[in-house]
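Report on the structure given below.
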Amino acid sequence: MVSHMLDNSPRTGRRITLDGSALHPADIAALAERTAHPTAPDPKAFARAEESWETARRLAATGRVYGRSTGVGANRTEDVGAADAEHGLRLLRSHAGAIGDPLPGREVRAMLAVRANQLLAGGAGLNPAVITSLLAALDAGAHPVVNEHGAVGTGDLAALAQTGLALAGEHPWLCAPGARAPAPIALDNNDALALISSNALTLGQSALALDELRRLLAASLPIAALSLLAVGGSYEPFAEPVMLARPHLGSAAAATRLRALSGIPPRPAPPLGRIQDPYGFRCLPQIHGPALDAADTLEGVLTVEVNAAAENPMISIEDQAAYHHGNFYAAHAALALDTFRLAVLQTARLSTARLAALSEPDFTRLRPFLGDAAPASSGVMILEYAAGAALGEMRAVSHPASLGHAVLSRGVEEQASFASLGARQALRACTYYRQILACELVAAIRALRMRSLEPDPGLPLATAYTLAAEALDPRMEDRPLTDDVAVAAGLLEGLAEL
């Protein structure tokens, strides 16, 4: 099969050794973005994968093993003769029917990293040459063409079947300039189901979404602190005694970071003037905190899943047995993804609330919408509409995917987690959240400029202000703000590091 070419980042960054037990979501993101590259697999893990393959072949030759000596799904009662050498390839060909647009390369690379690591956990009974090929593709910057739709949260069957056909030389690869796709390898009846019985694409996409949304959550705090400074808000809500009185870990972490950004003492003095700020400022730890907690929960779930031998059947070297089970069902991931998206959505709503406060003269002591001196100047009025539209899109993709239902394969697969949909929704949420935060940042910097306010030098918040003020257009007259928001969106990675 011809390998097509695509642009890709150069070989840079650290090296990661996969061993089937210690891969983390951040490692997956680094491999997918090509800021890290895989080394040769851990020798002990690779030896275990080889032993698992040999065990599986013996078991399939002497007994009935689902998907190896039988059909799959509702065809599980049909035996496959040992002489039927084409059964495995037929299974891959029939299941490689994913539909929709081809996925971005980073999402497919994330899938390859997850699947290689899972195979090294030693329960798949798959030809270890597959592991070598997957790692070679990752290292070279090659990935198979994989289409978006083909899974409902009980295994990414279609995406991995397309990958299997690519490994066998029957499906196209996309390659970085100067790179080559792995040489075709022979796959037999014992390899087909063993390869596709995994949620590797869902898990890879989830790892990418978690990585990006964590960074956006981190960026949202200095943006909120700039907005708080612009409206002369109170620091009382972030006081250490307040957090100790209701000690949720995420809320305490958010308050601690806000104090550090703005140089707030653990027991800040009450402000002069108004007693309480709107929720967008006052409830920030209580709304941002659950998102941080949900991120930690999702990371824990993903860490278990990407290091799990969840293939059905599971080949046990110790017992010399094939166990048929339901570990492929991705309920943990689906529910953790749903919770995380809903939690991040609350922080996005809070950003739009602060944006509205920045348009209000009662808070800023400036003209409505941060307008200039011209009569009826609209200033940043349109940013509320733009952020509201992005929030609407984010709300739509935050709908719980696990509410979905499907009955498949003649009724024998009568439940679906839809974790696959939840992962794609999380990736889409990244785009909308970034736009919302960028709108707030543009307004906050404008308000601070108009009030001639800057954070005290030496504080992390001063660094945030300088980063944004140097990049954003200082003109105050009415004009299109599209470019300003785009510039602000590009600053979020730097703000996340503060």
Side-chain angles (χ1 to χ4, degrees), residues 213-300 339-340 342-358 360 362-365 433 436-437 440-441 443-444 447-448 451 453-465 492 495-498:
L213 287 171
R214 270 199 188 278
R215 284 183 275 116
L216 293 176
L217 284 169
S220 73
L221 290 178
I223 295 172
L226 290 168
S227 295
L228 183 67
L229 179 64
V231 301
S234 172
Y235 296 130
E236 281 185 289
F238 319 126
E240 189 176 77
V242 174
M243 294 301 106
L244 291 174
R246 188 169 175 256
H248 287 294
L249 293 178
S251 294
T256 298
R257 184 154 183 254
L258 282 165
R259 293 198 305 268
L261 284 165
S262 299
I264 306 168
R267 289 167 172 78
L272 300 175
R274 60 179 180 269
I275 293 178
Q276 290 193 153
D277 291 325
Y279 283 11
F281 301 100
R282 178 161 40 114
C283 296
L284 199 153
Q286 292 75 19
I287 295 173
H288 195 92
L292 297 180
D293 291 336
D296 289 343
T297 297
L298 177 58
E299 181 167 1
T339 300
F340 184 46
L342 286 168
V344 175
L345 175 65
Q346 310 309 308
T347 72
R349 285 177 176 168
L350 217 62
S351 178
T352 61
R354 293 190 296 270
L355 177 59
L358 289 166
E360 177 54 57
D362 287 347
F363 294 117
T364 63
R365 304 172 193 170
Y433 192 32
I436 292 165
L437 293 176
E440 182 188 355
L441 180 58
L448 290 168
R451 294 193 64 186
L453 284 173
E454 292 187 20
D456 291 339
L459 293 175
L461 196 61
T463 303
Y465 176 82
L492 300 186
L495 294 178
E497 298 297 324
L498 296 177

**Report entry** V344 vs F340, side chain to side chain contact (heavy atoms under 4.5 Å, CB included): CA-CA, chis, key distance, verdict
**Finding:** CA-CA 6 Å; V344 175; F340 184 46; 3.6 Å; yes
Might you point out which heavy atoms bring [X] and [Y] nearest each other, and give the distance in Å?
{"X": "P265", "Y": "P268", "result": "O-CD, 3.3 Å"}
{"X": "D293", "Y": "G250", "result": "OD1-N, 2.9 Å"}
{"X": "R354", "Y": "S220", "result": "NH2-O, 4.3 Å"}
{"X": "G263", "Y": "L459", "result": "CA-CD2, 3.6 Å"}
{"X": "L498", "Y": "P460", "result": "CD1-O, 3.8 Å"}
{"X": "P222", "Y": "A464", "result": "CB-CB, 4.2 Å"}

Query raised in the report: With distance as the sole test, does R257 use its side chain to make a donor-acceptor pair with the main-chain N or O of A218 at under 3.5 Å?
Result: yes
Query raised in the report: Hey, mind stepping through L448 and E454 against side chain to side chain contact (heavy atoms under 4.5 Å, CB included) and telling me if it holds?
Result: CA-CA 7 Å; L448 290 168; E454 292 187 20; over 6 Å; no
Heavy-atom distance under 4.5 Å between the side chains of [X] and [Y], does that happen here?
{"X": "H248", "Y": "Q286", "result": "no"}
{"X": "I436", "Y": "L355", "result": "no"}
{"X": "F238", "Y": "P285", "result": "yes"}
{"X": "H288", "Y": "L350", "result": "no"}

Got a second to check how far [X]'s [atom1] is from [Y]'s [atom2], nearest 0.5 Å?
{"X": "L453", "Y": "T364", "atom1": "CG", "atom2": "OG1", "result": "11.0 Å"}
{"X": "S351", "Y": "L437", "atom1": "OG", "atom2": "CG", "result": "5.0 Å"}
{"X": "T347", "Y": "L213", "atom1": "OG1", "atom2": "CG", "result": "8.5 Å"}
{"X": "R259", "Y": "M243", "atom1": "CZ", "atom2": "CE", "result": "8.0 Å"}
{"X": "R282", "Y": "I275", "atom1": "CZ", "atom2": "CD1", "result": "10.5 Å"}
{"X": "L284", "Y": "S251", "atom1": "CG", "atom2": "OG", "result": "9.5 Å"}

**Report entry** Non-neighbouring partners of D277 that pass salt bridge (Lys or Arg N to Asp or Glu O under 4.0 Å), sequence neighbours left out
**Finding:** R274
Report task. Take L217 and Y433 through the test side chain to side chain contact (heavy atoms under 4.5 Å, CB included) and record every step on the way to the result. Result -> CA-CA 9 Å; L217 284 169; Y433 192 32; 3.5 Å; yes
Report task. Kindly indicate, with the supporting measurements, whether the criterion side chain to side chain contact (heavy atoms under 4.5 Å, CB included) is fulfilled by T339 and L298. Result -> CA-CA 9 Å; T339 300; L298 177 58; over 6 Å; no
Please tabulate, one pair per line, all N/O donor-acceptor pairs under 3.5 Å involving side-chain atoms of residues 225-237, not counting sequence neighbours.
unit_1 : atom_1 : unit_2 : atom_2 : d
S227   : OG     : I223   : O      : 3.3
S227   : OG     : E440   : OE2    : 2.7
S234   : OG     : E236   : N      : 3.0

Report task. Evaluate the salt bridge (Lys or Arg N to Asp or Glu O under 4.0 Å) criterion for residues E299 and R214: first the C-alpha distance (whole Å), next the side-chain angles of each, then the deciding distance (0.1 Å), finally the verdict. Result -> CA-CA 10 Å; E299 181 167 1; R214 270 199 188 278; 2.8 Å; yes
